[in-house]
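Written out below as structure tokens is the structure these notes cover.
Residue numbering restarts at 1 for every chain, and letters A, B, ... go by the order of the sequence lines.
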Amino acid sequence: MQSSSSSTASSSTPPRYAFIDFMDVGSTMTLSQELANLTEDAGQELEAEGNVLFGSIQGLIVGLRYYTGAVNKGEMVSLVREPHNPYDRNAVMVANVYGSQVGHIKKELAAAMAYIMDNKLARVEGIVPYGEKNKFSMPVILTFWGKEENREVVNNLMIGFGFNLDFRGGSSQTSLGRDLLGLSTKLSAIPLSAEELKNAFDKLFDDLMEDKTKEMEPAEAVCTPLLSHQKQALSWMSSRENSNDLPPFWEENKGLYFNVLTNFAVKKRPEKVLGGILADDMGLGKTLTTIALIVSNFHNGKPLPLEKCKGPSMPSAKRKQATSKEKGVDSEESQESMGLSPLKRLHDDTVRENGPQKKTKTTKKKSANTKKVVLLDDVEFAAALECSSSQVVPSKKCVKKSSVPSEISAGSVARATLIVCPLSVLSNWLDQFEQHIRTDVTVKVYLYYGSERNRSVSLLSEQDVVLTTYNVLSSDFGNKASSPLHNVKWLRVVLDEGHVVRNPNALQSKAVLELQSERRWILSGTPIQNSLKDLFMLLSFLKLKPFDVKEWWSRIIQRPVTMGDRVGLKNLQALVKGITLRRTKNSKVGGRTLVQLPERRVFVQYVTLSGMEREKYERVKGEGKNIVGRYFQEGTFMANYADVLTILMRLRQCCCHPSLVGNYTAADVPGTPSELRERLIQKITLVLNSGSDEECAICLDSLRQPVITYCAHVFCRPCICEVIRSEKEQAKCPLCRAQIKTKELVEYPGEQAETRSDTGENWRSSSKALALMSNLLKLRNEDPTVKSMVVSQFTGFLDVLEVALREYGFSFTRLDGSLIQRARAKAIEDFQDSTPGSPTIMLLSLKAGGVGLNLTAASQVFVMDPAWNPAAEDQCVDRCHRLGQSRDVVITKFIVKDSVEENMVKIQKKKQELVDKAFGVKNSQDAKQARIDDIRALMEL
DNA sequence: ACCGCCGGGTGCC
DNA sequence: ACCGCCGGGTGCC
């Protein structure tokens, strides 16, 4: 099994924004993705986007009488090649929107289409114009879509078989044309302008709360009083789960159910979609609301039946602690705590946000101790507890002893809720269950995490809540041995920070889609990260038919909308509105905003380099300019992109502290395999530590178990192995098409391998470090209780700052990618602690920590170096500027004058203006040129 | 399928 | 009777 520690770094950084995307701030693509697109045929499936219409032709669907799939007039059908059909290897099967086979394309036409489809020269889509009642065959209009460069060859191929692609339908002016494109004729044929589209798109998720203002009180088990907007959310979520309404776009008419979008009609009532998207802004209490939902809305709208605790009030938190302590006594496994540490530490946590009834550490500890004694006396009860709230129990014991006396536990009725979340918010969930559930009832929360996790399906099914991470889920799913989580019939599955699953090709997406559940929820503050496409994955998870199938999503929603079709947009809006609740920090309830956040102000401080620093900077810049200039001349710029990034990184490091910059190695020539290997390790380390949050070009997600190929491209190990497995000996690098082999993949040795810069004894200051220190000293003089976050992209710079902080007697903690979860949680806990003497400074690496991170103790933020993507900075700042922050937040950004940093800021501004103005996606050639131009500007070439 | 196609029966008008 | 024509059997790929 993959070790859980190897995945900590990446999983804790949900790729909320494409960090490295410095050329194109705010656009949808990251560097890797763009590289993948620049390289022809990166193994991606033929996407509908970017395809043009070649033409259309009328064909015939035959063999209707052998199949049950019905089609209505005007309904879309899907065409699927059947290369293994025993009667005709050219066979093309026709299916309706709901996946039932309708028939086949008549063989002569199928013969012409087969080659085109197999070689992906064109995508063929069908729509039935009439004849829906025919018994034996029906006509179908086939439209051919593909890349412009394939138009000719497709046309000629069709002519060769005696078919002429008719282009009349192509002009979307005619009503037939618009029908073929899946566009509407009814409302308006005037397409939306790019501006209107962007506006509409931005507003898609805005304040979807009209008629969602009914409030509901949570079950008694919830001890935290819910705010008004949380009660509204609870009411809405419950009604979504209990609703008997038809799914969006379905209407009932004389015993028939009719989908108004697809024209599909069935006798059987379509399956309900129970659940939806809770897209409230961060800090509005999605977690609390979800907890309230879990305990308040079991079957038939009744609360979840919970065990009452025996004896006098005994907070659940204490019980857990007692159990795990006791466990330590009688168990041989002492390392088990590795994966489970977040739980342990959470017991000592002080109450964070939203906590009207504060518990204090001391009372907790005390009663925990008393409890322990009691527990030892009551073996039966202890066993029960182990099954429920403790995660650290060896499996056999648990399975045997688990005797949950509840009538529901029998298994016929789904009981458990599965919560999947990024590692970084795991402990937050545990915290919040403790904090918000009354102490005299037990909600059985099982943490399915760590190597000792209990894989018993029946045990998991008996829980109230099972908590796990996306990584655990997908690694279980990937290891062919049956995945326990996929064999449980869940009552409810909740995807926390659900936007992290957005690439439908990634393993974790597949793992998530395969879960069996009655109800499904997505929690996400940013349901759409980049583009409309992100929504597809969410609908897919919610099983909102037919949009859970890519083809229908594209044809019915995505393409019409991106082509500016008003009805398409209207449908999209209706779709989103029907399943989403979103309130923002600015939403109003009864005329008042939901939460009032303190102000935040941003200052930029310019730093001037000292003579020595300037000298070194200019030297590094000179070397870099030479090399990059040569790449330009040779036209090998894109091929050497990694090196260019490295050079830029060195310059940026120079701005922070001269000692961060090591010797320059990019010009080295790879020699023997061992030298090559070393060089590759060096390169992958650089890439991963460059602060760019590189994404894997295959899954487009943050790198998981990163490996580097001999051709020096970095991917997730599972992703690239899958490519090699499927392409066998022919396997080529998705980015440069070089041959690749599994045994030639070089692993990332981990952050430890990072060469610590020569700070320590040789500590010398830097202008930027001094600028920071003077700010911090001034703050300490003014108010010693003020806490600050110090953010840098370079862990080496944080090392330097540590020395300086010690020198001046500051107490600080540090959070970066190298910390395992336990240390991470400890660092946050220490920092959030408000008792005197607690650390006042948090050193934070930009890429560490996740969206869920709560650092509200800080009211000062120092951004030491500019990020390529300013959104990353904003995100970082949001960690303290969120609900629970009581002071005004001041952000100070340091920028070195006359340096790459200043240029970066200029480019950021320019990009931001462009993004603000237009919504359109520029073509890859332009993007490439823009990228090159920007690097010229950065390097002053 | 109120078609097309196949293949057996049949054979002036 | 090596054809045409008739009419029954039959029918996706």
Side-chain angles (χ1 to χ4, degrees), chain A residues 45-46 48 51 53-146 150 153-166 168-169 176 179-180 182 256 259 262-268 545-546 548-556 726:
Chain A
E45 65 189 85
L46 193 63
N51 283 350
L53 182 64
F54 292 163
S56 61
I57 190 172
Q58 177 158 343
L60 205 61
I61 308 172
V62 294
L64 301 189
R65 64 146 144 179
Y66 299 97
Y67 310 101
T68 52
V71 184
N72 285 310
K73 184 178 161 71
E75 201 175 336
M76 297 172 171
V77 289
S78 140
L79 306 167
V80 184
R81 276 281 289 124
E82 277 184 352
H84 300 299
N85 186 302
Y87 303 95
D88 182 359
R89 58 193 180 81
N90 293 325
V92 176
M93 187 265 264
V94 181
N96 68 13
V97 175
Y98 295 86
S100 310
Q101 179 162 4
V102 177
H104 283 99
I105 293 294
K106 203 166 159 49
K107 62 175 179 299
E108 291 78 9
L109 183 52
M113 290 162 61
Y115 180 84
I116 291 171
M117 292 175 76
D118 291 346
N119 292 287
K120 301 196 191 304
L121 296 172
R123 234 194 93 69
V124 189
E125 296 179 354
I127 189 160
V128 173
Y130 58 88
E132 69 278 6
K133 298 235 160 66
N134 294 2
K135 273 197 193 126
F136 304 98
S137 68
M138 62 171 74
V140 59
I141 308 280
L142 302 173
T143 48
F144 288 65
W145 302 78
N150 292 328
V153 58
V154 169
N155 261 317
N156 291 339
L157 278 164
M158 292 304 286
I159 289 169
F161 280 90
F163 300 102
N164 235 323
L165 285 190
D166 179 355
R168 277 173 314 173
L176 174 65
D179 274 348
L180 296 181
L256 273 185
N259 187 309
T262 64
N263 289 327
F264 190 75
V266 265
K267 290 207 191 78
K268 234 184 85 196
K545 294 174 192 326
D548 55 339
V549 172
K550 188 62 170 276
E551 172 169 4
W552 308 119
W553 159 254
S554 299
R555 288 178 63 180
I556 302 170
S726 61

Query raised in the report: Taking only residues two or more places apart in sequence or in another chain, which ones pass salt bridge (charged side-chain N to carboxylate O under 4.0 Å, His left out) with A:D88?
Result: none
Requested in this report: Under 4.0 Å between any heavy atoms, over every strand shown, what does A:L64 touch: base, sugar-phosphate, or nothing? Just pick one.
Outcome: nothing
Report task. Could you measure between the two C1' atoms, the one in C:dG4 and the one in B:dG11, and give it in whole Å? Result -> 9 Å
Requested in this report: Can you tell me, in whole Å, how much space there is between the C1' of B:dC6 and that of B:dA1?
Outcome: 15 Å
Report task. Select base, sugar-phosphate, or nothing to describe what A:K106 touches, counting heavy atoms under 4.0 Å on all strands. Result -> sugar-phosphate
Report summary line: To the nearest angstrom, the NE2-P distance between A:H104 and C:dC12 comes to 11 Å
Query - Aromatic stack A:F136/C:dG11: centroid gap under 5.5 Å, interplanar angle under 30° - result: no
Report summary line: Using Watson-Crick geometry (N1-N3 plus N6-O4 or O6-N4) or G-U wobble (N1-O2, O6-N3), each under 3.5 Å, C:dG11 is paired with B:dC3
Query raised in the report: Which pairs with one or both residues in residues 113-144 of chain A pass ring pair (Phe, Tyr, Trp, His ring centres under 6.0 Å), sequence neighbours excluded?
Result: none
Requested in this report: Measure the spacing between CZ of A:R65 and NZ of A:K135 and express it to the nearest 0.5 Å.
Outcome: 10.0 Å
Query raised in the report: Within this structure, what is the CG-to-P distance between A:L60 and C:dG11, rounded to whole angstrom?
Result: 18 Å
Query raised in the report: Less than 5.5 Å between centroids and less than 30° between ring planes, does A:Y87 satisfy that with C:dC12?
Result: no
